[in-house]
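A short write-up of the structure that comes next.
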Amino acid sequence: MNWRIAEAKQRFSELIHAVTKELQLIYNRNQLVAVVVEAEMFEEFLTRRK
């Protein structure tokens, strides 16, 4: 799902719950500024990066 920053702040718990299903994209003025992923996915990324 795509989120605007303000919306992500207001609905933070929903954002965190949604990340268990798919990564969440956060936009500021139509520009992607962040991606929220499950901790396990992030740990896998760090492992591969080494």
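Any value given below was found using the heavy atoms of this structure, including those in side chains, with hydrogens, waters and symmetry copies removed.
Residue F42 is not grouped with residue I16 when hydrophobic side chains (ILVMFWY) are merged at heavy-atom distances under 4.5 angstrom, including chains of intermediate members. Clustering ILVMFWY residues whenever any of their side-chain heavy atoms sit less than 4.5 angstrom apart, transitively, puts L23 in a cluster other than the one holding I5.
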Side-chain polar contacts of residues 24-39 - donor-acceptor pairs under 3.5 angstrom, sequence neighbours left out - could you list them?
{"from": "Q24", "atom 1": "OE1", "to": "W3", "atom 2": "NE1", "distance (Å)": "2.7"}
{"from": "Q24", "atom 1": "NE2", "to": "A18", "atom 2": "O", "distance (Å)": "3.4"}
{"from": "Q24", "atom 1": "NE2", "to": "E22", "atom 2": "O", "distance (Å)": "2.8"}

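Qualifying side-chain contact (heavy atoms from CB on, under 4.5 Å) partners for Q10, counting only residues two or more places apart in sequence or in other chains: none. Listed by chain and number, the residues in a salt bridge (Lys or Arg N to Asp or Glu O under 4.0 Å) with R11 are E7, E14 (sequence neighbours excluded).
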